[in-house]
Colleague: 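The structure follows.
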Amino acid sequence: MAIWRKMWRRNLLSLSLLVCLLFHSLIVNARPANMSAAKEKTPVSKDENEILPPDHLNGVKMEMDGHLNKDFHQEVFLGKDMEEFEEDSEPRRNRKKLIEIFTKVDFNKDRSISAKEMQRWIMEKTEEHFQEATMENKNSFHAVDPDGDGHVTWDEYRIKFLASKGFNEKEVAEKIKNNEDLKLDDDTQDVLESLKDRWFQADNPPGDQLLNEEEFLSFLHPEHSRGMLKYMVKEIVRDLDQDSDKKLTLSEFISLPTGTVENQQAQDIDDDWVRERKKEFEEIMDANHDGIVTMEELEEYMDPMNEHNALNEAKQMIAVADENQNHNLELDEILKYSEYFTGSKLMDYARNVHEEF
């Protein structure tokens with residue numbers, strides 16, 4: 001079973017608040033069934049976590065587990081400035097920063113943002129996320145390339161991965177060297193098998209089962225590679241495709257497992273989830289509106305550097321705040337709908353706009 005299938009089912013179940021709480025409790029207290037004596041008590045460091053392929057990819061519309069990226073609009077509007085807009089940050093400072101961003105997006109300086117200007121900005125911010133991932137990859141690659149030869153073997157990565165999960169690195173390395181059974185629990189073994197498959201997919205021809213820094217970037221961030229993007233799409237379709245026809249229908253894309261709704265509050269969450277996915281499927285993913293999303297359509301949808309998608313996204317973002325229906329965004333509109341663009345509300349959004357602009 002693929003890791004993403006496990007994550008998909010787990011995340012779907014978490015839509016029920018009660019199940020979410022129980023699941024959180026299980027995660028906190030869970031331990032692998034085997035090799036318990038080999039566990040280290042030291043906490044996992046941030047650097048160790050960075051060697052694991054992330055589920056969330058900045059600037060990509062869908063998560064690795066098939067969920068929609070709820071922060072996508074903010075990521076492609078704010079880029080690396082996203083962290084500056086926190087819920088508890090000072091509203092006046094946020095307003096000033098948002099005005100600064102508006103002036104940058106307004107390329108022709110006519111005090112309004114057109115769809116073409118927003119498209120251009122989205123592409124710039126997406127490229128920013130690419131550059132950030134590339135820089136982070138350098139550190140991650142160094143962490144798994146202990147001998148510094150510029151290549152990482154599967155065994156080198158496997159040792160670091162298990163160490164990040166709390167296993168004793170020296171003991172694991174010794175067992176692998178001596179071809180001994182690692183005695184892993186089923187869940188950890190499933191994850192490793194899925195990662196190994198992904199590892200070989202990232203190994204560019206001619207395959208040598210070694211990853212250089214560029215290939216390791218594709219392993220961690222498949223959005224950087226057309227081949228890995230295809231692989232990611234294939235995995236998502238496999239997890240959601242109930243009739244195995246390698247296509248997605250609306251019912252497959254929005255289906256929830258039975259028994260996930262425990263109370264009315266959870267029902268409301270499920271309804272919102274279904275409504276959001278239905279809109280995304282019908283209006284964006286299904287390019288020819290035939291009720292089916294093919295692997296090709298999903299690949300185009302997932303490609304963060306697709307200019308046509310960026311233009312459609314720009315039009316969508318403008319439509320959200322375009323109160324005067326002129327198909328452009330003015331400053332007062334973007335300030336009023338600041339939560340959509342930045343994740344934070346601005347109190348008295350129009351105050352001192354002219355003085356600060």
Side-chain angles (χ1 to χ4, degrees), residues 1-7 10 23-56 64-65 133-222 224-225 228 231-232 235:
M1 181 183 296
I3 179 176
W4 297 310
R5 185 177 292 108
K6 285 177 171 289
M7 294 175 67
R10 185 181 70 192
F23 184 76
H24 175 72
S25 175
L26 288 173
I27 286 295
V28 169
N29 295 289
R31 293 176 65 87
N34 299 305
M35 284 191 74
S36 58
K39 290 287 186 166
E40 296 176 336
K41 295 182 180 180
T42 54
V44 178
S45 71
K46 182 176 183 294
D47 287 342
E48 285 175 326
N49 279 326
E50 287 175 351
I51 71 168
L52 308 179
D55 172 56
H56 176 79
M64 292 291 290
D65 61 7
T134 301
M135 292 301 296
E136 290 175 352
N137 182 67
K138 290 183 180 295
N139 295 330
S140 303
F141 185 78
H142 179 72
V144 296
D145 182 25
D147 55 13
D149 65 352
H151 294 86
V152 179
T153 67
W154 167 246
D155 281 344
E156 285 176 330
Y157 178 78
R158 184 165 49 145
I159 291 168
K160 291 295 183 180
F161 168 78
L162 290 173
S164 76
K165 291 298 183 183
F167 292 99
N168 184 288
E169 184 172 340
K170 290 183 179 179
E171 289 185 21
V172 170
E174 189 67 23
K175 285 179 178 291
I176 289 177
K177 180 181 177 181
N178 296 328
N179 253 346
E180 296 179 30
D181 185 5
L182 296 176
K183 298 180 180 178
L184 303 174
D185 60 276
D186 290 342
D187 286 344
T188 303
Q189 188 62 46
D190 285 344
V191 171
L192 267 179
E193 289 175 4
S194 182
L195 288 175
K196 187 175 184 179
D197 186 24
R198 180 168 170 169
W199 182 274
F200 290 132
Q201 290 290 330
D203 184 14
N204 292 329
D208 55 8
Q209 300 185 18
L210 301 172
L211 298 192
N212 58 29
E213 188 174 316
E214 182 179 351
E215 291 168 330
F216 193 72
L217 175 64
S218 296
F219 172 72
L220 290 185
H221 290 274
H224 285 246
S225 160
M228 286 299 289
Y231 175 71
M232 181 166 61
E235 288 293 293

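Every heavy atom of this structure was used, including side-chain atoms; hydrogens, water molecules and symmetry mates were not.
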Colleague: Please report the interatomic distance CD(E171) to CG(L162), rounded to the nearest 0.5 Å.
Modeller: 12.0 Å
Colleague: Is there side-chain contact between D197 and Q201, with at least one heavy-atom pair below 4.5 Å?
Modeller: yes
Colleague: Looking only at non-hydrogen atoms, find the nearest pair between L217 and T134 and report the distance.
Modeller: CD2-OG1, 3.9 Å
Colleague: Looking at H56, I want to see if its NE2 is surrounded by more than 12 non-hydrogen atoms of other residues, nucleotides or ligands under 6.0 Å.
Modeller: yes
Colleague: Are more than 12 heavy atoms from other residues, nucleotides or ligands located less than 6.0 Å from atom CD of Q209?
Modeller: no
Colleague: When rounded to the nearest 0.5 angstrom, what is the spacing between CD1 in I159 and CG in N168?
Modeller: 11.5 Å
Colleague: Heavy atoms only: give me the nearest E156-V144 pair and the separation to one decimal.
Modeller: CB-O, 3.9 Å
Colleague: Answer yes or no: is there a donor N or O on one side and an acceptor on the other, between the side chain of D185 and the main chain of D187, under 3.5 Å?
Modeller: yes
Colleague: Do the side chain of N137 and the main chain of E214 share a donor and acceptor less than 3.5 angstrom apart?
Modeller: no
Colleague: Is any side-chain heavy atom of L182 closer than 4.5 Å to one of F167?
Modeller: no
Colleague: Please check if the side chain of E235 supplies one atom and the backbone of M232 the other of a donor-acceptor pair under 3.5 Å.
Modeller: no
Colleague: Please check this pair: side chain of D203 against backbone of E215, looking for a donor-acceptor N/O pair closer than 3.5 Å.
Modeller: no
Colleague: Could you tell me whether the side chain of D145 and the main chain of F141 form a donor-acceptor pair under 3.5 Å?
Modeller: no
Colleague: Looking only at heavy atoms, which two atoms of S140 and L220 are closest? And how far apart?
Modeller: CB-CD1, 3.9 Å
Colleague: Under the criterion side-chain contact (heavy atoms from CB on, under 4.5 Å), I'd like the reasoning laid out for K160 against E169: C-alpha separation, chi angles, the key distance, then a yes or no.
Modeller: CA-CA 7 Å; K160 291 295 183 180; E169 184 172 340; 2.9 Å; yes
Colleague: For D55 and D65, indicate whether the former's side chain and the latter's backbone hold a donor-acceptor pair under 3.5 Å.
Modeller: yes
Colleague: May I have all residue pairs that pass ring-ring contact (aromatic ring centres under 6.0 Å, His included) and include part of residues 171-204, sequence neighbours excluded?
Modeller: W154-W199, Y157-W199, W199-F219
